[in-house]
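Worksheet: the structure to be examined is printed underneath.
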Amino acid sequence: MDWDRLITVEQMEAATNELLETGKKVGADSWQQRVKNQTPHCGFGEAGTCCRICSMGPCRITPKAPRGICGCDVHGIVGRNYLRFTAGGAATHSDHGRQICHTLYQAKEGGSYQVKDPEKLLKIAHEWGIETEGKDIYDLAHEVAETGLLEYGKPFGVQRYLKRAPEHTQKLWHDAGIEPRAIDREVSQSLHMTHMGCSSLPEALIKQSLRAGLSDGWGGSMMGTEFSDILFGTPRPVDTTANIGVMEKDMVNIIVHGHDPSLSEMIVMYSQDPEMVALAKSVCCTGNEVAMRQGIPMAGNFLQQENVVLTGACEAIVVDVQCIFPALGPLSKCFHTKFITTSPIARMPDSDFIEFHEDTAADNAKAIIKMAVENFKNRKPELVNIPNLKTKARVGYSVEAIKKELDGVCNTHVDAFGTLKPLADVVKAGVLRGAVAMVGCNNPKVRPDTAHIELMKKLLKNDIIVIVSGCSAQAAAKAGLMDLDAAEYCGEGLKRVCKLVGIPPVLHMGSCVDISRMMILASDLAKDWGINISQIPLCGCAPEWMSEKAVSIGNYVVATGIDTYLGVDPYSKGSSEITELLQGDARGCKEWVEAHFVVDTNIESLGDKMIAAIEAKRAALGI
C-alpha cells in the first residue's frame, strides 16, 4: 500500500512556510534565516580539530601545523573535544534525574506531588536492599530518593542500576574499566582529563566517554525515568493527537516545552481546573512526558518550537530546561505570547521568570495559567493561522506496558506472563526481522523530520518494528505512524503482529531521558532469549541528532552493546584514530563492548546498512 494517508514532510513544510510569512509581517526572526546567516560552518569545528581549552591558542590543526602549541596532536585534540561533548550531555540528563530525585523527596500525602506508582517504588526499594516492611509509603519514598541522590556523589562503588544488565554486559564493562562510579565523579573526571596538560591518549579519552555516558544512561537518566514513574505513573498506552493543528482557535493555548515533568504535570493538572479554562499543548520532550501519561496533544518537536508562536494562537509558552531556543523571547514579543521561564538553569532574555519550586508548585502553576488566560484578550485575530494538520497517535509504551501487551497473546496454560519471550519468539520465527530504536533531535543539517520518517517507512516495509523516543517520536506522531491504521503500510509479518497485539508499528517510549527504558528493554529481551545484547537483531539510530545529550546517549547505547547509526557526523572525522576507535570493526568500542557507531549522512544508505546488520545478526544466530 502507498503511504497516501500519512501527513508528508512536504505538507508540514508548506504549513511552516505559511507561518513564516506571518512572521515576516511582524518582523520576526526564524531559525531558517539564522541557518543561512551561519553557513558555511567552521570546517575545523566540524572536524573536531580546533582546541581552545587554554589561552595559548586557540590552536587549529592543519597539515602545516600538525600539533598544537603544547604539542598535542590531532588525535588527542579530537578525543578531548569528543569527551567534553559527552560530559556536557551526561551532566545535563543526569542533573534532570537529580531534580526528579529532589521532587520525590518532597512528595507527601495530599501534596502537589504524590506517589502514583507505589508498586514501582516498592520494587526499586527491594532492588536496592531498602527495608520496606511496616514503613509509611512516603517515608519509603524519601529514603529511596535520598539513596538515589547519593548515587551522584558516593565515594565508593559503582552505579546501582548496573546490576539490571545481563551478567555478560556487566563483565564487559568491568573488564574494559568503564563501570561508572558516582555520576558527578564521571563528569568531573571527564573535565579533569581534558584540562590542558592531562589526557591526550585516544583510547583513554574514548573509554572515559563511554564511562561518562553509562553514568547517564544507567545512572542519572534511569533514575529520572524510574522516579518520574513513581511520581506521575508508569505510562500505559493512551490515545492522543499530534502536529501543529492541535492548537485551538477559540481556546487558551498553553505550550509546555523542555524536559522536566515536575513542571508540565502541574501545568496540565491545573489547566483542567474549571476555574482555569485553558488547554495545555506540548512540544519537544516535555511533550512526550505529558502525552504518554496524560494524553496531552503534541504540537511539534524541536524545530517546531517557533511555529507554535507563529500561529498567533499561543497565549503562553512555558519552558523549563534544555533544547529551548533563546529566540523565543524576541519572537514572542512580535506576538501577544508570554514567554515564561521557570528554572534558574535556563534563564533567558525577554522572558517572564516565575521560578518553579516543588513546595510551591500548585501556586506557581496557577499563576502561570492565570497569566495565560488573562492574555487571551490580547490576541491579534489577523495574525491567527493554525495549519490544518493533525494526526491520531497511540503513545505510552513503557517496558511494563509492552510486557502487558504481550501477555495478551500468551497461552495462559503454558506461557509465563510479564516477559518478552513472545517478542523473542516472533523474531526467531522471522515474522519480525528485528527492531530499531530510533531517537534523537532535529538538526537543520538534515531536512527536518525527513530522515526519521523515511527511515521508519523503509524499516516498517521490511518487517522491522521501530521503538522511538524524543523528537524522533514526535516526528512519527506528526506523520501518522503511531496510528493503529499505520500497520497497513508494513510488511506482512509486522502487520500481522500489530493486528494481533493491537499496537502501532512505531512504539512511543517517552522523552529522550527515557532512552534508559530502551536499555532495560534490550537487557530483559537478552535475558529472556538467553543471548547477549550484542547478538539481538537490534540497532540504535539517531539520524538527526544535534545536542551534547545525544552524544552521551550514543555512548551509553553503544556501551550497552547496541550498534548505533548516525546521520550527522559526531565531529570526530578529523582524527583517523578516534574514528577507528568509535567506528572500527575490531579496535576500540567493538573490542570493548561488542558494538560501535556507524556514520552515514546518506539516509537511504544508512537505512540499507541497518537492514543488512539486522540480517547479519539473524544469520549469526542461525535464524
Scan side-chain atoms only and decide if E548 and Q322 contain a donor-acceptor pair under the 3.5 Å cut-off. no

Suppose we screen for ring-ring contact (aromatic ring centres under 6.0 Å, His included). Which residues come up paired with W173, at least two apart in sequence or across chains? W218

Is there a side-chain contact between Q294 and T240 (heavy atoms, below 4.5 Å)? no

May I ask you to test the L210-W592 pair for a side-chain heavy-atom distance under 4.5 Å? yes

Over all atoms of both residues, closest heavy-atom pair of C323 and Q305: O-NE2, 3.0 Å

Quick one: do L263 and V256 satisfy side-chain contact (heavy atoms from CB on, under 4.5 Å)? Show the steps, please. CA-CA 9 Å; L263 166 68; V256 287; 5.6 Å; no

Any idea which heavy atoms bring S469 and I515 closest together, and the distance? OG-CG1, 3.1 Å

Between the side chain of D359 and the main-chain N/O of Q106, is any donor-acceptor distance below 3.5 Å? no

Is a donor on one side and an acceptor on the other found under 3.5 Å between the side chain of Q170 and the backbone of A165? yes

Please report the shortest heavy-atom distance between M222 and I520, naming the atom on each side. CE-CG1, 3.9 Å

Any cation-pi pair here, R98 with Y152, using under 6.0 Å and within 45°? yes

Begin with the C-alpha distance, continue with both residues' side-chain angles, and end with the deciding distance and a verdict on side chain to side chain donor-acceptor pair (under 3.5 Å) for T225 and D514. CA-CA 6 Å; T225 292; D514 294 324; 2.7 Å; yes

Between N532 and S534, is there a side-chain donor-acceptor contact under 3.5 Å, judged purely by atom types and distance? no

Using a strict cut-off of less than 4.0 Å between a Lys/Arg side-chain nitrogen and an Asp/Glu carboxylate oxygen, indicate whether R164 and D524 qualify as a salt bridge. no

Kindly indicate, with the supporting measurements, whether the criterion side-chain contact (heavy atoms from CB on, under 4.5 Å) is fulfilled by H452 and V468. CA-CA 10 Å; H452 292 296; V468 291; over 6 Å; no

Do S94 and V187 have side chains that get closer than 4.5 Å, going by heavy atoms? no

Would you say S262 and T103 are linked by a side-chain donor-acceptor pair, where the criterion is simply a distance under 3.5 Å? yes

Does a side-chain N-to-carboxylate-O contact under 4.0 Å join K163 and E127? no

Before you tell me yes or no, could you show the steps for Y556 and I553 under side-chain contact (heavy atoms from CB on, under 4.5 Å), namely the whole-Å CA-CA distance, both residues' side-chain angles and the distance that decides it to 0.1 Å? CA-CA 5 Å; Y556 75 69; I553 290 164; 3.8 Å; yes

Any ion pair linking D229 and K123 (charged N to carboxylate O, less than 4.0 Å)? no

Given Y82, which partner from the list I77, L205, I206 fulfils the side-chain contact (heavy atoms from CB on, under 4.5 Å) test? I206

Just by modelled atom types, is the R181 backbone N or O under 3.5 Å from a matching donor or acceptor in the E186 side chain? yes

E544 and N443: side chain donor to acceptor below 3.5 Å: no

Residues in ring-ring contact (aromatic ring centres under 6.0 Å, His included) with F325, at least two apart? F302

Closest heavy-atom contact between V399 and R517? CG2-O, 3.4 Å

Are the side chain of E151 and the backbone of G219 linked by a donor-acceptor contact shorter than 3.5 Å? no

According to side-chain contact (heavy atoms from CB on, under 4.5 Å), who are the partners of K590, at least two apart in sequence or on a separate chain? D563, H596

Backbone N/O of D363 and side chain of T360: donor-acceptor pair under 3.5 Å: no

Parallel, tilted or perpendicular: which describes the rings of H259 and H96, with under 30° parallel and over 60° perpendicular? perpendicular

Any side-chain donor paired with an acceptor under 3.5 Å for S552 and N555? no

Indicate the atoms forming the closest heavy-atom contact of W128 with M223, along with that distance. CH2-SD, 4.0 Å

Are any non-hydrogen side-chain atoms of T560 and M518 less than 4.5 angstrom apart? no

State, yes or no, whether a side-chain contact exists between E289 and V513 at a heavy-atom distance under 4.5 Å. yes

Give the C-alpha distance, both sets of side-chain angles, the deciding distance and a yes or no for salt bridge (Lys or Arg N to Asp or Glu O under 4.0 Å) between K445 and E46. CA-CA 12 Å; K445 290 182 175 180; E46 288 189 320; 2.9 Å; yes

Side chain T342, main chain V319, donor-acceptor under 3.5 Å: yes

Which residue is it: H508, R394, Q474? I am looking for the one with a side-chain contact (heavy atoms from CB on, under 4.5 Å) to M482. H508

Looking only at atom types and distance, does a side-chain atom of Y138 sit under 3.5 Å from a main-chain N or O of V115, one as donor and one as acceptor? yes

Quick one, I230 and I124 - any side-chain contact, counting heavy atoms below 4.5 Å? yes

Is S398 reaching over with its side chain to a backbone N or O of P235, donor-acceptor style, under 3.5 angstrom? yes

